[in-house]
Protein chains: 2
Amino acid sequence: MSNTQRAISELRRLVFSGELPAGSDHLESELAERLGMSRTPIREAARTLESQGLLELRARKGVRILPVSLEDMREIYDVLTELESLAAERAAEQHYTGAELGELASAITDMKAALEVKDLEAWADADDRFHVELVRLGGNSRVASITAMMSDQVRRARAVTLFMRPLPVQSNEDHQGVYEAIAKADPKRAHDLHHAHRQRARDMILDLLERHRLRQL
Amino acid sequence: MSNTQRAISELRRLVFSGELPAGSDHLESELAERLGMSRTPIREAARTLESQGLLELRARKGVRILPVSLEDMREIYDVLTELESLAAERAAEQHYTGAELGELASAITDMKAALEVKDLEAWADADDRFHVELVRLGGNSRVASITAMMSDQVRRARAVTLFMRPLPVQSNEDHQGVYEAIAKADPKRAHDLHHAHRQRARDMILDLLERHRLRQL
DNA sequence: GTGAAAATTAATGCATACGCAAAAAAATGC
DNA sequence: GCATTTTTTTGCGTATGCATTAATTTTCAC
């Protein structure tokens, strides 16, 4: 694995874990030393992550970890809503067999189990798996990579809202409905159910952040 | 302007003009010499363009200009359909004044004029302006940059299909309808009209390419 | 003491050099 | 003549150094 690759995944990890907090600036040379390599692979990695919307390269100021504003969240959830709903619709058009929907079903099972023991981290992980698998089943690689990018951008926010929100009971019912619509090969229903699901989640989270005056993450 | 910036716009131009044809490979050192700079800014530019889906960096093979397959076109038009329809919907929610919709109206006027004198290049330019302005009015910067990226990826294909397709009379009517729905602040109608418009264009182009056995561009 | 101008510092942008791994070419054995 | 091994070549990945330029500090005039 190349140093540039390592720099990409390492920097991602540092951003997601909060070791490089939103809004902070870091010199290329600092990061290079921190990751034990020269500036070159750091610069290449930074350019990649910049185009993925995680950070920004500013001349003489180093790389800035991009904060996510309320407005950003609105934009991102809107994109996620549309593209994932498209994926659900397309998935339902494929007439997948039960076996092919196994991963989706297992993600739902895990969410239910996590919810019963109130393990929110485990629930969030399974929720992630559900959404990743859904867009995979949708069969559009561009939808998959765009939604992955958008999810990355709000990953920090989720860590905050996860413990502020009510137990995601409604979410679980939504997922079940989307799954059944896909299994029954009902594209319109799959689309509309997922659309409503994402819209609800969006409104709930934006409302939550607004009420807690968290305008930046 | 930095050499990296120049490399980005120059490489884009070379790709769009066909001077670097789809599927061709080019050594970093060749491109560096061609653009009169060292490999470093070429590599940085290539990484940026890679994340925009225009080319691919392959070890020891240089950069490969990515061809666009029929399947790619399907994916791209699907994404464009959903995100632009969202933009139309959101634009209609803003209650824009006539003045604020001026650029959109002017794009439509230009398309009509171009159509009457059968100037397809001028029509395509105005059509571009319409779609760019539409997503701008939608107010979601991520939708704007994603649709711009997707449009870039099919730009080569459009040059081919433009002169194969029937005169875009239907398209012009569609645009008019979307414009009116936005002016009348009817989000659902704006969404549905634009969705149908894009879907029609998609089916027409895919059909055209398939009948002409153009499976790669 | 204040403001402008000059000097200094510092970090990027880029050119360049080199090692290494992979591909191509050549040599060798059968 | 073909396959296999060895040699050579080639091009990328990365480190390094320097020039450029923006930011900062210092100096100096008023």
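All values reported here derive from a predicted model rather than from experimental measurement.
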In whole angstroms, the gap separating P of D/dT10 from CG of B/Asp25 amounts to 18 Å
Per B/Arg39 side chain, nearest of listed nucleotides D/dG13, D/dG11, C/dA15: D/dG13
Among A/Arg198, A/Met150, A/Glu89, which residue meets the side-chain contact (heavy atoms from CB on, under 4.5 Å) test with A/Glu84? A/Arg198
NZ/NE/NH1/NH2 to OD/OE distance under 4.0 Å, A/Arg74 and A/Glu210: yes
Would you mind reading off the distance between B/Glu44 atom CD and C/dT16 atom C1', rounded to a whole angstrom? 15 Å
Minimum-distance nucleotide (side-chain atoms of B/Asn3 versus D/dA15, C/dA15, D/dG13): C/dA15
Is the shortest side-chain N/O distance from B/Arg60 to OP1 or OP2 of C/dA21 below 4.0 Å? no
Minimum-distance nucleotide (side-chain atoms of A/Glu28 versus D/dG13, C/dG13, D/dG11): C/dG13
What's the closest nucleotide to the side chain of B/Ser2 if the choices are C/dA15, D/dT14, C/dG13? C/dG13
Which whole-number value in Å describes the distance from A/Arg43 CZ to D/dA15 C1'? 14 Å
B/Lys61 NZ - D/dC12 P separation (whole Å): 11 Å
Is the closest side-chain heavy-atom distance between B/Thr40 and B/Arg43 below 4.5 Å? no
Separation of A/Arg58 atom CZ from C/dA10 atom P, in whole Å? 19 Å
For C/dC14, does either OP1 or OP2 sit under 4.0 Å from a side-chain N or O belonging to B/Thr40? no
Between A/Gln5 and A/Ala59, which residue's closest nucleotide on DNA chain D lies nearer the 5′ terminus? A/Gln5
Check step by step if salt bridge (charged side-chain N to carboxylate O under 4.0 Å, His left out) holds for B/Arg90 and B/Glu93. CA-CA 5 Å; B/Arg90 291 280 178 267; B/Glu93 291 169 358; 3.0 Å; yes
Nearest whole Å is fine: how far is D/dA15 C1' from A/Glu33 CD? 15 Å
For A/Ile42 and D/dT16, what is the distance between atoms CD1 and P respectively, to the nearest whole Å? 14 Å
Look at A/Thr4 and D/dT14 and indicate whether a side-chain polar atom (N or O) is within less than 4.0 Å of OP1 or OP2. yes
Using a distance-only test with no angle check, is there a side-chain donor-acceptor pair under 3.5 angstrom linking A/Ser17 and A/Glu19? yes
Rounded to whole Å, please give me the gap between CE in B/Met1 and P in D/dT21. 15 Å
Measure from the side chain of A/Pro41, starting at C-beta and using heavy atoms only, and say which of C/dT16, D/dT21, D/dA15 lies closest. D/dA15
